[in-house]
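Read through the structure below, which is laid out as structure tokens, and then see the notes.
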Amino acid sequence: MRRQYSVPELLWLLVPLALVVAPHAANLPIWLGLAWAAIAGWCLLRAARRLPLPPRWLRTVIVIVGLVAVFAQFGTLVGPRAGVALLVFLSAAKLLETEAPRDRTGLIFVGYFLLVAYFLEDQSLLSAAYMLLAMLGLTASLIASQMPEPKAVWPKLRPTLMLVLQALPLAVFLFLLFPRLSAPLWTMKQENLASTGLSDQMQPGDVSRLIQSNEIALRASFDTRDIEPGQLYWRGPVLWDFDGRSWRTVRRVPDGKVDGEGRGQPVTYRIILEPHRQHWLFLLGLPTALPALPADLRSDLLWLARAPVDQRLQYTVSAWLDYRHGLDLDAATRARALELPRGLNPRARALAASWADSGIGDAAVVQRALHHFRGEPFVYTLQPPALGVQAVDDFLFNTRRGFCEHYASAFVFLMRAAGIPARVITGYQGGEYNAVGNYWIVRQRDAHAWAEVWLAGEGWRRVDPTAAVSPTRVELGVDAALPAAERPAPLIDFDAGWLAPVRLGWDVVNYRWNLWVLGYNDVRQREFLSRLAPWLANLNAMLWLLGLGSGLFIFGLAGLYLLRQTRTRQDPISRQYTRFCRKLARLGLVREAHEGPADFARRTATARPDLADEIMRISQLYVGLRYGQASTEQTASLQALIRRFRPRKTAGTV
Amino acid sequence: MNPQLQQAFDQINRIVLGKPHQIRLCLACLLARGHLLIEDAPGVGKTTLAHALAATLGLDFHRIQFTSDLLPADILGAAIYDRASGQFSFHPGPIFAQVILADEINRASPKSQSALLEAMEEGQVTIEGVTRELPKPFFVIATQNPIEQAGVFPLPESQLDRFLMRIRLGYPDHSAERALLKGENRRDLLGQLQAMLQPDGFMAMQQAAQTIHASDALLDYLQSLIDTTRRDARFGSGLSPRAGLALLRAAQAWAYLAGRDFVQPEDVQAVLPAVVGHRLHPAAGVDSAEPDWAARLLLEVAIP
């Protein structure tokens with residue numbers, strides 16, 4: 001069955017498909033989107049003008065050209081991007097010859113597939129809402145393909161909404177109960193995903209570049225409200241090696257296990273880490289309990305995942321915020337923590353040596369150095385002047401203007417030069433407290449660098465030289481610490497008063513979405529189910545309930561539907577007649593729904609002359625009772641007749 | 001069936017060969033006090049059927065041949081100056097009869113059509129300010145050629161609604177055609193017809209037909225038929241309450257013809273195509289060449 005679609009009918013197909021293709025188009029080469037739009041436009045023109053189909057050879061050529069173009073663009077036809085590109089192109093090519101209803105249905109199903117495929121790219125709440133809209137469109141389109149009148153919109157939307165509403169409880173049920181695997185069945189490599197964030201080395205200017213970005217690095221919530229921003233040093237890469245310009249982390253850490261002791265009550269916090277494509281997982285304080293992730297905690301308290309963090313990751317940690325660690329320093333580590341490039345920065349070395357030689361002890365030297373930063377006219381600025389080869393000397397004695405990485409770098413240099421083991425720590429400091437959702441939002445602009453020095457009897461101690469120069473940086477955040485003229489443009493409007501609650505509210509919604517929907521993994525599932533009912537939190541119970549529940553749901557809906565169908569048959573007379581019809585149906589004589597009882601009696605009596613008398617008597621009695629004015633006393637005799645009616649299968653000719 | 005009715009039925013059946021179902025429908029229509037529209041191609045016996053009905057029922061009968069220049073006065077009559085008495089005297093038109101055969105009604109102008117159709121609805125006509133009762137019973141049997149033929153004014157839907165039934169005769173089957181070819185001229189036979197019923201007797205039957213019992217179960221079925229036409233997107237508009245009443249009256253008359261004192265679903269099914277056929281119209285954009293909407297409707301609606 002082929003026929004040409006009218007413009008409204010075609011729009012029913014094109015608009016939902018375009019809704020699905022549009023978000024993909026943003027990630028695909030531009031020619032593909034243009035080709036899709038051009039073909040769709042041509043189809044509309046064709047429907048309006050009643051033009052014929054393009055010839056078969058032309059369609060074939062278009063398909064081949066498209067396949068070659070996709071292959072040329074991606075170098076393959078498989079893989080998520082290339083596969084989606086291929087599907088998008090083929091959906092356009094199929095439009096060129098869509099005439100039969102089967103083609104149309106097929107296209108709609110391709111649309112559903114593209115819809116799901118988009119979640120490989122983006123799983124945010126907004127795109128989920130958009131995809132829900134597109135899904136409604138596709139379903140309405142599917143319904144429209146079975147309905148004669150193309151112009152009426154509501155008659156298609158109504159059953160669509162009904163369908164989705166009916167499916168919703170089942171979807172929620174399956175979402176909650178379908179067993180989550182601790183490791184995904186397959187991994188999707190995200191292709192050319194650009195991301196900003198800390199790297200495994202630090203040069204002057206690195207952190208100040210990050211400060212321009214409003215992107216979220218992580219969100220964290222605590223089990224206590226008693227948290228000061230000054231306590232929030234989110235520890236990231238630990239940088240050991242200095243080459244005179246940049247600090248680097250090391251692959252192999254100096255040996256030694258994590259040792260340390262905490263003071264006070266440990267806090268528990270949950271971190272939702274945005275993917276940063278690096279290995280480290282940010283920690284706060286000295287952990288007492290780490291979740292069972294495929295990651296290792298090194299002796300320098302750097303927690304490294306075995307695979308780069310490509311997906312949003314959630315973990316809960318208990319830790320002491322007040323702690324000491326690394327009390328014993330072995331020789332190798334000590335040597336590493338004292339190493340400096342030879343022949344660089346003589347003035348800084350001389351200054352440090354003068355402190356060390358005064359014999360005041362290591363702790364006093366640290367204080368001395370901080371005092372130096374406080375006392376000399378150092379300026380905290382995003383726009384430090386360029387530094388020469390003797391970078392530390394230049395900074396300490398000439399420019400005296402710098403950002404946190406300058407201070408951390410110069411401070412650690414001074415400490416090592418003074419013979420005190422020291423290292424640079426990068427990470428994030430502070431964050432924005434979202435009072436609506438009671439959690440902290442840590443952004444790239446909270447990136448920070450600080451130092452740790454090792455003091456005998458005390459272990460590694462955190463020292464933040466930036467705080468000495470600009471205490472507001474730690475107490476109020478980077479915006480307040482910078483001079484007004486230097487605040488990055490995106491940050492100025494960002495905190496505008498009246499928008500702030502809206503922004504924070506929206507972040508709460510996103511946070512919950514990440515936490516409860518995207519982050520609903522095996523651990524959270526068990527946690528959630530055991531809170532519902534402890535016996536639920538094992539795989540067998542889950543599977544049983546899953547099967548039972550979905551079965552009940554589906555049969556329940558079907559039963560409800562049947563009940564509504566048969567509710568009118570509840571009076572005793574028609575129930576008797578239904579029994580009678582069932583008996584006849586066993587002989588292959590099935591009453592059609594539209595067949596009147598007298599007609600049915602005549603037909604069956606002709607088919608089974610041996611039963612004709614009985615059938616006629618029963619039917620007449622029934623018709624008289626149901627349609628005539630026969631007294632209800634005859635109901636009993638109808639019942640008796642029907643009970644006695646036991647036709648044999650073989651007698652007569654059927 | 002009532003013996004008198006049976007005789008009438010047999011007599012008409014001898015004139016119009018091979019169309020027992022249509023003849024029954026005609027009788028049911030008249031019993032239900034409805035007007036009848038017979039629609040078919042020329043030469044299939046429309047006029048003969050109308051003639052035979054009138055003659056058999058013993059009613060007086062006028063025939064109006066509708067043409068494009070027919071004026072309302074040609075139907076209703078007019079006051080004409082009488083020179084002898086020096087006064088205007090009313091000369092009744094052909095409408096003053098118990099059975100009117102309005103032949104080829106769709107050839108007349110809409111003005112003349114509506115003159116007739118008003119009379120059908122009111123049972124009276126008003127000419128020059130004087131209202132005159134029409135005789136009782138009063139039937140209009142109209143015939144029309146299908147719209148496809150040239151030079152016609154199709155009846156508007158509101159006027160089609162005035163006819164209780166529209167039937168189609170169709171060609172006779174093989175044996176009926178052979179009997180027709182071998183037999184006497186139908187016109188001659190018409191002259192020999194005897195009245196099988198008296199007007200009073202027929203009106204009593206009409207009364208009786210109206211009292212035929214329709215149970216709730218049957219009304220359920222009737223209503224679900226009507227609802228279906230209203231909900232179904234294939235139909236431009238559903239059946240009106242008047243159409244529903246017409247369906248019930250026709251089914252009662254059909255049951256009366258069968259000699260039953262109650263209506264059963266089969267009665268509704270038998271009359272439904274004739275009653276709703278001219279009242280249901282496919283929605284715009286739906287292929288109107290679909291065969292017989294009424295029959296499909298019957299197949300789709302379950303008997304509760």
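Note: hydrogens, waters and symmetry copies are ignored here, and every other heavy atom, side chains too, is used. Proteins come first, then strands; the chains are lettered A, B, ... in the order of their sequence lines, and each starts at number 1.
- The environment of CZ in A/R579 is crowded: more than 12 heavy-atom neighbours from other residues, nucleotides or ligands sit within 6.0 Å.
- Counting non-hydrogen atoms of neighbouring residues, nucleotides and ligands closer than 6.0 angstrom, the CZ atom of B/R162 exceeds 12 such neighbours.
- Distance check: B/D216 CG to A/Y627 OH gives 11.5 Å after rounding to the nearest 0.5 Å.
- Residue B/Q269 touches chain A through its side chain alone, counting heavy-atom pairs closer than 4.5 Å.
- When heavy atoms are compared at a cutoff of 4.5 Å, B/L298 approaches chain A solely by way of its backbone atoms N, CA, C and O.
- Within 6.0 Å of CZ on B/R178 lie no more than 12 heavy atoms contributed by other residues, nucleotides or ligands.
- The environment of A/R102 atom CZ is sparse: at most 12 non-hydrogen atoms of other residues, nucleotides or ligands sit within 6.0 angstrom.
- Neither the backbone nor the side chain of A/P155 has a heavy atom closer than 4.5 Å to any heavy atom of chain B.
- Contacts between residues 13-35 of chain B and chain A, defined by a heavy-atom separation under 4.5 Å, are made by no residue at all.
- Heavy atoms of other residues, nucleotides or ligands lying less than 6.0 angstrom from CD of B/E177 number more than 12.
- For the pair B/E266 (side chain) and A/D599 (backbone), a donor-acceptor distance under 3.5 Å is present.
- If you measure heavy-atom distances from A/E595 to chain B, the contacts under 4.5 Å come from the backbone alone.
- The distance from the CZ atom of A/R626 to the CZ atom of B/F262 is 12.5 Å, given to the nearest 0.5 Å.
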